[in-house]
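What follows is a short report on a single structure.
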Amino acid sequence: MKHKPLREQVIVITGASSGIGLATARMAAERGARVVLAARSGDALARIRAEIEGVGGKAIDVVADVGRRSDVQAVADRAEATFGGFDTWVNNAGLSIFGRLEEVSDADHRRLFDVNFWGIVYGSTVALQHLKKAGGALINLGSVASDLALPIQGMYSASKHAIKGFTDALRMELQEEGAPVSVTLIKPASIDTPFPEQARNYMAQAPKLPPPVYAPADVAEAILYAAEHGPRDLYVGGGGKLMSAMRKRVPAVTDWMGAQVMSRSQTAGVAGRQRDGALHAAGRDGAVRGGSPHHVMRSAYTRASINPALTGILLAGATAAAAALLGRADRR
């Protein structure tokens, strides 16, 4: 399936007011794409649109809650009215709850699924009304938690598992129809965004994401690669890929690690307070980075995944190193 180059595309991004969505919107605009920004925070979206236009880019902003189909349909309608349609739709909006499953209210659990899961269902089915006719890319943001579970973020993990199941089934149905639409699931590991600050927190301590932590630019690069090339899945962060592989091969070990380590690794070690975050209303938007206490790295694994030339170089280097080791062993 052949996709347009980014400079010729119109890209819709939900959750565009902060974090991964904002990083992707800025990067897409820098590379010449016209961008449709969607989120709940109208003030933040207006500032971001003005910023993009101020450096010569083209963007529109639409206030929308992805947990409501009518709002998602309004995003597609604005894109059609302004740009004549869109080429890539990125279902990025999402949030979390930090707290034990038995402590979190049913209302909060349901709201999380409204945003994380139903937001992707609405976004995908609305986008396909256009994409199935014009062709293009549908990109859903899953997580390493689509493959394994995180204690303290149990319902978040459940929503990401559901997103994977929905995305895989949708891809097969579109292939059966012969629809000209690629469907990509992006699976980031921990990313340095305002994600912990915007989560609903039930803990006595402030939440944080477990290491290793990667830069938002790595996810933005993966999303824009998918917009042009349409791969099936992309992991962001070699640590996440390793954890997913371990989960498939030694699930009991990853269960033990989760029970012994993962809960503690998601608390910041400083007093927090019970807070709603952005679960029920727009939060403090406009920031890409989240101030992780851990070292924030760039992912060589992800860069290799989306750069065939770099993959070849890394493979050649690994082969040469292995050959050198074998040679030394033979001499001994």
Side-chain angles (χ1 to χ4, degrees), residues 18-24 92 94-100 116 141-161 164 185-223 233-272 275 277 287-306 314:
S18 67
I20 291 168
L22 177 52
T24 305
N92 164 74
L95 39 75
S96 190
I97 298 171
F98 285 80
R100 293 184 176 277
N116 287 13
L141 266 290
S143 166
V144 65
S146 297
D147 296 342
L148 51 89
L150 301 173
I152 307 301
Q153 292 189 78
M155 199 56 72
Y156 171 81
S157 300
S159 73
K160 293 299 181 177
H161 275 63
K164 181 181 183 301
L185 183 64
I186 307 285
K187 300 179 184 179
S190 294
I191 306 297
D192 181 32
T193 69
F195 179 90
E197 292 83 358
Q198 294 182 349
R200 173 78 161 96
N201 183 29
Y202 276 77
M203 303 187 300
Q205 293 183 315
K208 69 177 179 68
L209 293 177
V213 179
Y214 299 91
D218 286 335
V219 193
E221 290 279 8
I223 290 170
D233 296 286
L234 278 175
Y235 286 89
V236 179
K241 175 65 174 176
L242 177 61
M243 287 188 288
S244 293
M246 287 182 61
R247 179 64 183 176
K248 292 175 183 176
R249 289 164 175 76
V250 283
V253 173
T254 54
D255 285 348
W256 181 86
M257 291 173 61
Q260 298 299 318
V261 177
M262 195 59 71
S263 295
R264 293 193 301 274
S265 71
Q266 295 181 86
T267 58
V270 296
R275 59 186 183 188
V288 170
R289 303 297 284 263
S292 171
H294 302 293
H295 170 67
V296 178
M297 65 184 75
R298 296 300 302 270
S299 173
Y301 169 83
T302 302
R303 290 200 300 274
S305 298
I306 64 178
L314 292 175

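FYI, the numbering just counts along the sequence from 1.
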Notebook entry, point to check: At what distance, to the nearest 0.5 angstrom, does CZ of Arg275 lie from CZ of Phe98?
Noted result: 9.0 Å

Check: Of the non-hydrogen atoms in Ala287 and Pro194, which two are nearest, and what is the gap between them?
Finding: O-CG, 3.6 Å

Check: Is a side-chain donor or acceptor of Thr267 paired with a backbone partner of Gln205 at a separation under 3.5 angstrom?
Finding: no

Note to self: With heavy-atom distances below 4.5 Å as the criterion, would you say the side chains of Gln198 and Leu95 are in contact?
What the structure shows: no

Item checked: Ile186 side, atom CD1; Tyr235 side, atom OH - distance, nearest 0.5 Å -> 11.5 Å

Notebook entry, point to check: With distance as the sole criterion, is a donor-acceptor pair present between the side chains of Asp147 and Ser244 under 3.5 Å?
Noted result: yes

Next item on the list: Mind running side-chain contact (heavy atoms from CB on, under 4.5 Å) on Met203 and Ile152 for me, showing each step along the way?
Entry: CA-CA 9 Å; Met203 303 187 300; Ile152 307 301; 3.6 Å; yes

Check: Judged by atom type as modelled, is there a donor-acceptor pair below 3.5 Å linking the side chain of Arg200 to the main-chain atoms of Ser96?
Finding: no

Check: Would you say Met155 and Asn116 make side-chain contact, with heavy atoms under 4.5 Å?
Finding: no

Check: Under 3.5 Å, side chain of Gln266 to main-chain N/O of Pro151, donor-acceptor pair present?
Finding: yes

Check: Hey, is CE on Met257 packed in by over 12 heavy atoms from elsewhere, all under 6.0 Å?
Finding: no

Margin query: For Val213 and Ile191: C-alpha separation, side-chain torsions, deciding distance, then whether side-chain contact (heavy atoms from CB on, under 4.5 Å) applies.
Written below: CA-CA 5 Å; Val213 179; Ile191 306 297; 5.8 Å; no

Check: Does the side chain of Lys208 reach to within under 4.5 Å of the side chain of Pro293, using non-hydrogen atoms?
Finding: yes

Check: If you measure from OH on Tyr156 to OG on Ser143, what distance do you get to the nearest 0.5 Å?
Finding: 3.5 Å

Next item on the list: Would you give the length of the straight line joining atom CG of Asp233 to atom NZ of Lys241, rounded to the nearest 0.5 angstrom?
Entry: 8.5 Å

Check: Residues in salt bridge (charged side-chain N to carboxylate O under 4.0 Å, His left out) with Arg298, at least two apart?
Finding: Asp218

Next item on the list: Look only at the side chain of His161 and the backbone of Ala145, and say whether a donor-acceptor pair between them is shorter than 3.5 Å.
Entry: yes

Check: Atom CG of Asp192 and atom OH of Tyr214: how far apart are they, to the nearest 0.5 Å?
Finding: 13.0 Å

Next item on the list: Give the minimum heavy-atom separation between Asn201 and Pro207, together with the two atoms involved.
Entry: ND2-CD, 3.7 Å

Next item on the list: Begin with the C-alpha distance, continue with both residues' side-chain angles, and end with the deciding distance and a verdict on side-chain contact (heavy atoms from CB on, under 4.5 Å) for Gln153 and Ile97.
Entry: CA-CA 6 Å; Gln153 292 189 78; Ile97 298 171; over 6 Å; no

Item checked: Over-ring placement of Arg303 relative to Tyr301, 6.0 Å and 45° cut-offs -> no

Notebook entry, point to check: Is there a donor-acceptor pair closer than 3.5 Å between any side-chain N or O of Ser146 and the backbone N or O of Gly142?
Noted result: no

Check: Are side-chain heavy atoms of Met297 and Pro212 found at a separation under 4.5 Å?
Finding: yes

Check: Is the backbone of Gly237 close enough, under 3.5 Å, to the side chain of Thr302 for a donor and an acceptor to pair up by distance?
Finding: yes

Next item on the list: Give the minimum heavy-atom separation between Pro196 and Leu209, together with the two atoms involved.
Entry: CG-CG, 4.0 Å

Note to self: Nearest 0.5 angstrom please: Ile223 CD1 to Thr24 OG1, how far?
What the structure shows: 3.5 Å

Notebook entry, point to check: Does the side-chain contact (heavy atoms from CB on, under 4.5 Å) test come out yes or no for Val288 and Thr193, once each step is laid out?
Noted result: CA-CA 6 Å; Val288 170; Thr193 69; 5.7 Å; no

Check: Do the side chain of Lys187 and the main chain of Leu141 share a donor and acceptor less than 3.5 angstrom apart?
Finding: no

Next item on the list: Please answer whether the main-chain N or O of Leu150 pairs with a side-chain N or O of Ser157 as donor and acceptor at a distance below 3.5 Å.
Entry: yes

